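Below you'll find the structure, written out as structure tokens, and then a few comments.
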Amino acid sequence: MSTMGTPTDSTGRSLTDYPRPSVAVDVAVLTVDEVLKVLVVERPDGNFALPGTFLHPGERLAEAAERALRDKAGLTGVDFHQLAMLDDPERDDRGWVLSMAHGAAVPVAEIPAEAHLVPTTETTDLAFDHAEIVDLAVADLRRRYSAEVDPGNFLGEQFTVLDLRMLYETVYARSYPKDTFRRHLLHGLEPTGELRREGTGRPAEIYRRRGTPLPSSTAAFLLQ
Ligand SMILES: O=P(O)(O)OC[C@H]1O[C@@H](O)[C@H](O)[C@@H]1O
């Protein structure tokens with residue numbers, strides 16, 4: 001920066017010599033509703049997109065993401081995180097727009113009833129590069145679910161191993177052998193001492209999360 005006059009970079013060029021992109025934020029809110037789904041909103045042209053918005057002057061990215069969720073999807077209090085900055089100069093045909101993509105996992109009961117949810121495998125018609133953001137969010141969710149038991153709290157506080165296996169089969173879109181799944185996931189579970197009696201079979205033990213990271217062997221099993 002020069003000591004007087006216009007601020008410059010280290011080569012002496014003024015910062016205003018560089019064309020500036022617009023910056024946007026987008027949030028892929030994932031949920032489990034029979035299958036893994038993502039929340040989308042309708043745009044004025046009738047197309048669907050992730051809730052997103054342009055960054056306002058003086059705003060932080062997280063504040064813009066919060067505003068997009070509130071104003072476009074009626075969602076507040078969502079715990080989201082950054083996934084990646086999408087920087088294809090052609091990604092928005094209105095101009096040069098970078099988008100900071102975010103991911104979130106929200107139990108379906110906390111999503112407004114009128115929200116549009118689409119399966120994460122049916123996103124090819126989404127506007128911009130939003131199908132790519134959904135793919136990033138799904139890969140991120142799978143990594144998180146392999147590191148910790150149900151970090152998105154889709155199952156609530158207490159559940160059986162069967163509930164957990166059904167959830168994991170939905171998140172990873174595959175099936176797992178019953179006994180191997182149980183052996184791997186038990187590392188992250190604490191018995192509540194209670195039993196759930198369903199049908200005529202043996203009552204099922206009820207667990208809660210232990211709150212400790214899962215071993216890397218569990219991640220390898222889930223992601224294989
Ligand atoms: O919805 P508006 O305000 O038109 O524009 C914001 C969107 O523009 C896109 O580049 C971003 O991905 C974001 O979703």
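Quantities reported herein were computed from a predicted structural model and do not represent experimental measurements. Just follow the structure's listing: the first ligand is 1, and inside any ligand the first atom is 1.
Heavy-atom contacts of Gly52 reach the following atoms of ligand 1: 14 (O) (cutoff under 4.0 Å). Near Arg43, meaning under 4.0 Å from one of its heavy atoms, ligand 1 places the atoms 1 (O), 2 (P), 4 (O). Listed by number with element, the atoms of ligand 1 under 4.0 angstrom from any heavy atom of Asp92 are 8 (O), 9 (C), 10 (O). Of all the atoms in ligand 1, the ones that sit under 4.0 Å from a non-hydrogen atom of Ala24 are 11 (C). When each atom of ligand 1 is checked for a heavy atom of Val97 under 4.0 Å away, the hits are 10 (O).
Taking a cutoff of 4.0 Å between a charged side-chain nitrogen and a carboxylate oxygen, Arg70 and Glu66 do not qualify as a salt bridge. Under the 4.0 Å criterion applied to side-chain N and carboxylate O atoms, Arg91 and Glu132 are not assigned as salt-bridge partners. Comment: Asp140 engages Arg144 in a salt bridge, judged by a side-chain N to carboxylate O separation of less than 4.0 angstrom. A salt bridge between Asp33 and Lys37 is present, with a side-chain N of the basic residue lying under 4.0 Å from a carboxylate O of the acidic one.
Of the N or O atoms in His130, one or more lie within a sub-3.5 Å distance of an N or O in ligand 1.
Using cut-offs of 30° and 60° for the angle between ring planes, the His102 and Phe80 rings count as perpendicular.
Contact annotation for Met100 and ligand 1: no heavy atom of the residue comes within less than 4.0 Å of the ligand.
Of the protein's non-hydrogen atoms, Phe54 CE1, 3.7 Å is the one closest to atom 6 (C) of ligand 1. From the protein, the heavy atom lying nearest to atom 8 (O) of ligand 1 is Arg94 NH2, 2.9 Å. The protein heavy atom nearest to atom 3 (O) of ligand 1 is Lys72 NZ, 3.6 Å. Closest to atom 11 (C) of ligand 1 among all protein heavy atoms lies Asp26 OD2, 3.3 Å.
Taking the six-membered ring where the residue is Trp, the centroids of Tyr172 and Tyr145 are separated by 6.0 Å or more.
Under the salt bridge (Lys or Arg N to Asp or Glu O under 4.0 Å) rule, Glu205 has a single partner from Arg197, Arg182, Arg196, which is Arg182.
The neighbour count for Arg174 CZ, taken as heavy atoms of other residues, nucleotides or ligands under 6.0 Å away, is above 12.
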